*Asks:* 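Dropping the structure in here first, questions after.
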Amino acid sequence: MSKKIVLLPGDGIGVEVVREAEKIISFISEQYGVEITTETHLVGGASLDAHDIPVKDEVIEACKKADAVLLGAVGGPKWDDYPPEKRPEKALLRLRKELGLYNNLRPVMVFSSLKDASPLRPEVVDGVDLLVVRELTGGLYFGQPKGISEENGEEVGVDTMRYTVSEIERITIAAFEAAQKRRKKVTSVDKANILASSQLWRKTVNRIAKEYPDVELEHMLVDNCAMQLLRNPGQFDVILTENMFGDILSDEAAMLTGSIGMLPSASLGDGTGMYEPVHGSAPDIAGKDIANPLATLASVALMFRYSLNHEKAATAIESAISKVLNAGFNCKDMSRHARQVLSTSEMGDKILATMKASS
Ligand code: NAD
């Protein structure tokens, strides 16, 4: 069956890391007999330079028609002073909105060979393998009323944390389905001792959980979860949480690995899914062939797992990454923890060679 992937390299190192992803995608296409077509478009600063707009309507339409989207990164100093509607990151917000991406998945895995890279003690992070499932389109960031107004002669800022049952249901189902493919445990994180939206969250999660008797459910207050992530991160399998709690906890969890160049993410909705490394366009190292492409390659693995339904390809990429790291190779950002430092393109070639050798 033919699959279409839209590639949006974007700006800075986005271009370099997506180039490495293309090598892996084309190998998988040949090796597993999946007919894959790719189509590349401009977003962010690159689109502003060419078309004076962060993302063109026809690019959004191409993404909607595709099976998956792989994004590099957008932004850079060149566009920092542009007006708000012409900021490179507008492209991301519009893509998330138009594709209805309500489910953000951020896996965090500490490889044995890199446990010394964590700011926590190696014995605390060794073996950590967790997935943050963050609701992406509701909660405090979007609830109305919202804004700054004047009351009794002084300014007042208001945000509203609001969730409907259907919004909670669909992200809960996503978390339980993800847990079924993992170690079958969901930790639902809320602030149900104080917030009404969290009480509805907990009640809804409890109801949905009955449909997944094979998955263990526990509830945890968000302040306790922030603490437990540092005390004993190995206890977590899937962390399910609302938008703002997920924003904060996923960054905290990411730091367990001590590396931003290696963290992938997936954003899913009812249509096309979008995959991107967690890092930005890294203007300080762009064009030097030293960016770590592993976050993007791990994002490609997620793309095969969640949008292209090809678990074998996903596992093959993840296992190659693991083998290459355990053999002591890494990029410049992780040079203190590598026996041999590779350039961006050498790392892409190394992963490809390892996949070829195992196939
Ligand atoms: P950044 O993630 O681009 O860089 C932070 C630091 O990490 C830099 O020192 C950089 O060199 C390093 N780094 C990041 N990715 C790396 C990789 N793959 N390999 C090696 N080192 C890596 O964050 P920033 O500096 O805050 O932002 C730079 C630009 O990226 C800004 O314009 C920002 O708006 C944009 N940004 C975009 C996204 C996105 O597209 N999703 C996300 C975050 C930031």
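Read the numbers this way: they start at 1 and go in the same order the structure lists the ligands and their atoms. Quick caveat, the model's predicted, so the values are computed rather than measured.
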*Asks:* Is the backbone of Glu218 close enough, under 3.5 Å, to the side chain of Thr187 for a donor and an acceptor to pair up by distance?
*Replies:*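 Not confirmed, Thr187 side chain does not pair with Glu218 backbone.
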
*Asks:* Please indicate whether Lys312 has more than 12 foreign heavy atoms, meaning atoms of other residues, nucleotides or ligands, lying under 6.0 Å from its NZ.
*Replies:*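 Atom NZ in Lys312 is not packed in, count stays at 12 or less.
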
*Asks:* Each residue besides Leu93 in its hydrophobic cluster should be listed here, by chain and number; the cluster joins Ile, Leu, Val, Met, Phe, Trp and Tyr at side-chain heavy-atom distances under 4.5 Å.
*Replies:*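 Other cluster members: none.
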
*Asks:* Apply the test side chain to side chain donor-acceptor pair (under 3.5 Å) to residues Ser307 and Tyr275: give CA-CA distance (whole Å), side-chain angles for both, the deciding distance (0.1 Å), then the verdict.
*Replies:* CA-CA 10 Å; Ser307 285; Tyr275 299 83; 2.6 Å; yes

*Asks:* Extract all N/O-N/O pairs under 3.5 Å that connect ligand 1 to the protein, and present each with both atom names and the distance rounded to 0.1 Å.
*Replies:*
from	atom 1	to	atom 2	distance (Å)
ligand 1	2 (O)	Gly280	N	2.7
ligand 1	3 (O)	Gly280	N	3.4
ligand 1	3 (O)	Ser281	N	3.3
ligand 1	3 (O)	Ala282	N	2.8
ligand 1	9 (O)	Asp284	OD2	2.9
ligand 1	11 (O)	Asp284	OD1	2.9
ligand 1	11 (O)	Asp284	OD2	3.0
ligand 1	18 (N)	His279	NE2	3.3
ligand 1	18 (N)	Asn292	O	3.0
ligand 1	19 (N)	Asn292	N	2.8
ligand 1	30 (O)	Ser281	N	3.1
ligand 1	30 (O)	Ser281	OG	3.1
ligand 1	32 (O)	Gly76	N	3.1
ligand 1	40 (O)	Val74	N	2.9
ligand 1	41 (N)	Glu276	OE1	3.4

*Asks:* Does anything in residues 339-359 pair up under salt bridge (charged side-chain N to carboxylate O under 4.0 Å, His left out), and if so which pairs, sequence neighbours excluded?
*Replies:*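 Passing the test, one end in residues 339-359: Lys23-Asp349.
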
*Asks:* Distance-only check: which donor-acceptor pairs under 3.5 Å involve side-chain atoms of residues 191-199, not counting sequence neighbours?
*Replies:*
from	atom 1	to	atom 2	distance (Å)
Lys191	NZ	Asp223	OD2	2.9
Ser198	OG	Lys191	N	2.9
Gln199	NE2	Ala192	O	3.0

